[in-house]
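Because the structure is predicted, anything quoted here is derived from the model rather than measured. Sequence positions, counted from 1, serve as the residue numbers for this chain. For ligands, and for the atoms within them, numbers begin at 1 and follow the listed sequence.
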Amino acid sequence: MTVVAGPDLPDTQGHFGIYGGRFVPETLVHPLLELEAEYLKAQQDPEFLRELEYYLREFCGRPTPLYLAERLTRELGGARVYLKREDLLHTGAHKINNAMGQILLARRMGKQRIIAETGAGQHGVATATVAAMFGFECVIYMGAVDCERQALNVYRMKMLGAEVVPVRAGQQTLKEAVNEAMRDWVTNIRSTHYILGTAYGAHPYPVMVRNFQRIIGDEARRQVLKQERRLPDLLIACVGGGSNAIGLFYPFLDDASVKMLGVEAGGEGILPGKHAARFQGGSLGVLQGTRSYLLQDEHGQIQLTHSVSAGLDYAAVGPEHAWLRDLQRVEYDYATDDQAVDAFMRLGRIEGIIPALESAHAVAAAIERVPRMHPDQVVIVNLSGRGDKDVAQVAARLKLETPRSES
Ligand SMILES: *Cc1c(COP(=O)(O)O)cnc(C)c1O
């Protein structure tokens, strides 16, 4: 049986099979219903779609190229490798696709204040950017640890006029930032829209974010059909919450010949507390509004996570991915910190492209798999973002020398 997975899900309650749904306090039920209703209307409104298309093109820089990585292809000696260049978007990652969609929705709903959580800071920067553009007040919640390892993005958000609130609870990373954002939202519900940054959380966020990100796959599908006159054999994307991956995968779900690989953060190896690969040792649970795969102990306590890339360092994965994995429509694997850093360096040296550490996980998986493929085959790797934000961190990790002035 070929499984036609996904295209008609979620159901009206936001379920992807046993995953998804809406697990929130009473006070958030009404705002989520209001958001869902407005989103459903907007999706049918040619004026909304025209405006979104306009800003994605004129402000964000869409469409992004589907670029044949010639030297990488030659070096790996297997399939032809194409890079979907989301790294070329304004603000440097795919996050702006979703932030732009949601700010236009917020404006329709008459909100004047925007809040968001951020891990690596890319979603915070994207949100601060669209808030500045439309003149909204903007508050970004960010774990204190992440503020430190992504200081550049903290400065960017501040320069864009956002207030950045460092969150010092718990592990001081993304999960705690989401908690704070939800607390703020409950308190300021009338004036405020919460721009959630990935295909996660209570319904309608997972489906809404997916639909704002599917432009990646819609473009890639058109581009590969034009450039190769055929569908790709394999799609590869990194999976944090899962928005860049589902954005690429979704428009290909009905194409049975197209295999898909999601790459999670293997950190320092698959041991408790050392990684963020939810499909390696995770289990079913509810966290921050939705039911999905989580890293938790036998008492349901959320485990510590680790990844060299802040954007993949989260204990849960988007519900649609859990569903697609159960259906065996998408395969999930992981890359370790070391593999990701190697891929980061290698892509810079042989293609002239420094990827985000998140995206480098997808590149690492390509480096591993492509040599076993046939030269007639075609692979698309989603380059979800660029690596500028990670340069200082990688330089320190590899102990690269800093230039010294003449003595
Ligand atoms: C945030 C981020 C990710 C992870 O988020 P997803 O929702 O899984 O896409 C991946 N790559 C980059 C560059 C990011 O900024």
Side-chain angles (χ1 to χ4, degrees), residues 64 83-99 116-127 129 140 142-143 146 149-150 152-153 156-157 173-174 177-178 195-201 205-206 208-210 212-217 235-250 262-265 276-279 290 292-293 305 307-322 324 330 332 334-335 340 343-344 347 353-365 381-390 393:
T64 61
L83 304 173
K84 181 58 176 161
R85 299 290 311 275
E86 296 297 291
D87 61 308
L88 291 177
L89 285 174
H90 181 45
T91 69
H94 68 292
K95 297 277 177 19
I96 192 105
N97 301 324
N98 168 53
E117 85 297 338
T118 196
Q122 286 303 111
H123 177 56
V125 168
T127 301
T129 297
I140 306 291
M142 186 169 186
D146 290 337
R149 58 180 167 177
Q150 301 289 345
L152 174 70
N153 276 343
R156 291 170 80 196
M157 288 182 265
T173 60
L174 183 56
V178 174
I195 301 191
L196 204 151
T198 188
Y200 194 79
Y205 281 106
M208 182 172 72
V209 176
R210 175 195 78 196
F212 285 139
Q213 292 292 0
R214 68 170 287 175
I215 191 157
I216 303 171
L235 310 174
I236 307 179
C238 66
V239 182
S243 69
N244 87 88
I246 200 68
L248 175 65
F249 296 168
Y250 185 74
V263 187
E264 298 183 284
R278 291 68 41 106
F279 292 130
T290 193
S292 189
Y293 255 71
T305 53
S307 171
V308 68
S309 72
L312 301 183
D313 197 350
Y314 184 60
V317 64
E320 192 163 9
H321 287 287
L324 291 172
V330 180
Y332 295 85
Y334 62 90
F344 176 100
L347 198 69
I353 299 169
I354 298 175
L357 276 173
E358 291 81 7
S359 324
H361 286 70
V363 176
V381 178
N382 203 15
L383 222 59
S384 52
R386 57 179 177 247
D388 309 31
K389 69 187 176 59
D390 301 314
Q393 189 192 342

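- Taking only nitrogen or oxygen atoms, main chain and side chain alike, A199 does not reach within less than 3.5 Å of ligand 1.
- Taking atom 6 (P) of ligand 1 as the reference point, the nearest protein heavy-atom neighbour is S243 N, 3.3 Å.
- Under 4.0 Å from ligand 1, heavy atoms of S384 appear from its side chain as well as its backbone.
- At a 3.5 angstrom cut-off on N or O pairs, S359 does not count as close to ligand 1.
- Assignment of A120 to the shell around ligand 1 is not supported, since no heavy atom sits closer than 4.0 Å.
- Residues S359 and F344 are not in side-chain contact: their nearest non-hydrogen atoms beyond the backbone lie 4.5 Å or more apart.
- Looking only at atom types and distance, the side chain of N153 has a donor-acceptor partner in the side chain of Q122 under 3.5 Å away.
- Side-chain contact check for H94 and S243: at least one donor-acceptor pair (N or O, by modelled atom type) lies under 3.5 Å.
- Looking only at heavy atoms of the protein, atom 4 (C) of ligand 1 is closest to G311 O, 3.4 Å.
- Open room surrounds CD1 on I354; 12 or fewer heavy atoms of other groups in view lie less than 6.0 Å from it.
- Counting heavy atoms from C-beta on, the side chains of M142 and E117 never come closer than 4.5 Å.
- Taking every non-hydrogen atom of G385 and a distance limit under 4.0 Å, the qualifying atoms of ligand 1 come out as 13 (C).
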Go through it in stages, so that I can follow the logic: the residues are F279 and Y334, the test is ring pair (Phe, Tyr, Trp, His ring centres under 6.0 Å), and I'd like the CA-CA distance, side-chain angles, deciding distance and then a yes or no. CA-CA 9 Å; F279 292 130; Y334 62 90; over 10 Å; no
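- D87 places a side-chain heavy atom less than 4.5 Å from the side chain of I353.
- For ligand 1, the atoms sitting less than 4.0 Å from at least one non-hydrogen atom of A356 are 13 (C), numbered in the order shown with element in parentheses.
- Only the side chain of H94 comes within contact range of ligand 1, with a heavy atom under 4.0 Å; no backbone atom does.
- Between Q393 and V308 the shortest side-chain heavy-atom distance falls below 4.5 Å.
- Every atom of ligand 1 with a heavy atom of G240 under 4.0 Å away is listed here by number and element: 8 (O).
- Distances from atom 1 (C) of ligand 1 to the heavy atoms of K95, Q122, H321, R386 put K95 nearest.
- For atom 7 (O) of ligand 1, the nearest protein heavy atom (residue, atom name, distance) is T198 OG1, 2.5 Å.
- Every side-chain hydrogen bond (donor to acceptor under 3.5 Å, both in side chains) that Q213 has, sequence neighbours left out, goes to N97.
- For A245, the closest heavy-atom approach to ligand 1 does not fall below 4.0 Å.
- On a distance-only criterion, G242 and ligand 1 share at least one N/O pair closer than 3.5 Å.
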